[in-house]
Amino acid sequence: MAEGVKGPERFLPLTPAVFHILLALADGEKHGYAIMQEVEDMTEGRVQMGPGTLYGSIKRMLAAGLIEESDDRPDPALDDERRRYYRLAALGRKVLRQETERMAGLMALARRKHVWSGVGSRSIQT
Amino acid sequence: MRERNSAPASIDLSVQIYTWLLAAYPERFRAEYGPHMAQVFRDVCQRESRRGGLPGMAALWARTSLDLIRTSVEEHIDRGIDMNRENFVRWSGWALMAGAVLFAAGLILGSFDTNYSDPIGGLDAFYEISQIVGIVLGQILFVIGLLGLRAGYGTRSGSVGGALLLIAVIGGVVSLGGMLIMNSSELGWTAWALGLLTMTLALTGYGGVAIRRRVFSRWNFAPLLAGVVIPVLFGVSAAIDSSGGSMEDWTFALGVSATAVGLILLGYRMQAEAATTSQALA
């Protein structure tokens with residue numbers, strides 16, 4: 001997190017773990033294991049976070065105000081009530097948007113430089 | 001966890017071993033997240049056992065061991081950085097208090113000196129030496145204290161508060177430099193006075209920020225009290241000088257004492273809050 005930069009930009013670029021956790025929470029609050037599963041599903045198993053990476057990232061993201069713990073607890077009949085649920089904070093949503101915009105900018109640059117020419121570029125450009 | 005009773009023994013054993021291994025993390029992190037990490041590990045064990053059997057469990061253990069080693073080191077480094085910062089803030093609080101006493105004592109004792117060019121010896125020389133030692137040591141300790149204030153409270157003071165603290169540090173350094181070259185250069189007096197004025201004015205501005213943002217848990221008026229009196233004394237002294245008079249010694253002593261009280265309160269808060277945080281991090 002660069003010092004001297006203000007606003008959501010100071011968090012960019014995000015680490016892969018933080019980016020994937022933010023993305024996993026983009027469509028609603030989840031508990032730790034659900035975040036882990038969502039990340040694996042989103043990346044087709046390419047990103048597998050261990051409990052240490054997951055909760056170390058959650059600790060730092062809570063401290064930075066990117067996510068917050070949800071007060072809502074699930075119905076004990078449906079889930080373990082001891083689980084903690086997390087959701088995106090307003091700052092986390094802004095940071096996620098800016099990071100995806102940054103990535104989109106890089107994609108556009110790579111396209112202009114024909115990085116994918118001849119290697120399945122059609123599917124990437126869509 | 002509803003599935004625990006039906007879990008194979010290998011899962012229970014794995015979770016038990018993982019729970020023991022959590023001792024590798026700092027105590028505070030373990031207390032906060034350990035049970036949740038163990039619960040997540042149990043969920044992943046159940047999934048891997050269903051999907052891949054024993055080879056799946058072996059692969060999970062290989063991944064988890066690497067994760068545990070890497071992240072436990074990261075957490076210890078994080079904790080170490082926090083502890084070092086809090087220790088620095090705590091000691092800089094003490095430096096600010098000691099600096100305030102030395103600075104005030106030096107200035108007040110120096111004001112009793114009747115002849116600035118007398119040879120070493122006698123009561124006047126004692127006043128002179130006390131003044132020099134008190135002010136120089138006091139200002140060194142001020143710079144340390146202000147650096148600690150910025151390190152500990154810069155972020156929560158916002159961009160304006162952080163900038164004012166930086167200006168106060170720069171003012172303190174300039175003033176100290178002026179003091180050190182005072183005997184060899186006439187510029188020394190100017191640098192000392194301007195540096196001290198900059199430092200205290202910036203501290204006054206920071207006092208406003210501290211009150212508005214409630215930077216400290218108590219005594220948010222302390223930075224304002226520490227900063228505002230010296231600039232007022234400068235102004236009053238200049239006004240009296242221009243009218244041909246001179247400032248009463250008691251006015252000067254009262255003003256310097258008020259500054260010292262503000263700095264002592266500020267330093268006390270810094271070391272007390274940092275000590276509490278250090279205990280919480282331990």
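Any value given below was found using the heavy atoms of this structure, including those in side chains, with hydrogens, waters and symmetry copies removed.
- The neighbour count for Leu54(B) CG, taken as heavy atoms of other residues, nucleotides or ligands under 6.0 Å away, does not exceed 12.
- Heavy-atom pairs under 4.5 Å with chain A were tallied for Leu60(B), Thr64(B), Leu66(B), Val44(B); the largest tally goes to Val44(B).
- Residue pairs meeting the salt bridge (charged side-chain N to carboxylate O under 4.0 Å, His left out) criterion with at least one partner in residues 65-78 of chain B, sequence neighbours excluded, are Lys59(A)-Glu75(B), Lys59(A)-Asp78(B), Arg60(A)-Glu74(B), Arg60(A)-Glu75(B), Arg60(A)-Asp78(B), Asp67(B)-Arg70(B), Arg70(B)-Glu74(B).
- Interatomic distance, Tyr33(B) OH to Leu62(A) CG, rounded to the nearest 0.5 Å: 5.0 Å.
- The side-chain heavy atoms of Pro51(A) and Tyr18(B), taken from C-beta on, include a pair separated by under 4.5 Å.
- Within 6.0 Å of atom CH2 in Trp219(B), more than 12 heavy atoms from other residues, nucleotides or ligands are found, so the atom counts as buried in its surroundings.
- Residue pairs satisfying the salt bridge (charged side-chain N to carboxylate O under 4.0 Å, His left out) criterion with at least one member in residues 205-219 of chain B, sequence neighbours excluded, are absent.
- Between Val40(B) and Tyr33(A), the shortest heavy-atom contact is CG2-N, 3.7 Å.
- For Tyr268(B), the OH atom is loosely surrounded, since the number of other residues' heavy atoms within 6.0 Å does not exceed 12.
- Among the residues in residues 37-45 of chain A, those with a non-hydrogen atom closer than 4.5 angstrom to a non-hydrogen atom of chain B are Gln37(A), Glu40(A).
- Among residues two or more places apart in sequence or in another chain, the side chain to side chain donor-acceptor pair (under 3.5 Å) test is passed with Ser157(B) by Tyr206(B).
- Ile58(A) contributes atom CD1, which lies 10.0 Å from atom CE of Met37(B) (distance to the nearest 0.5 angstrom).
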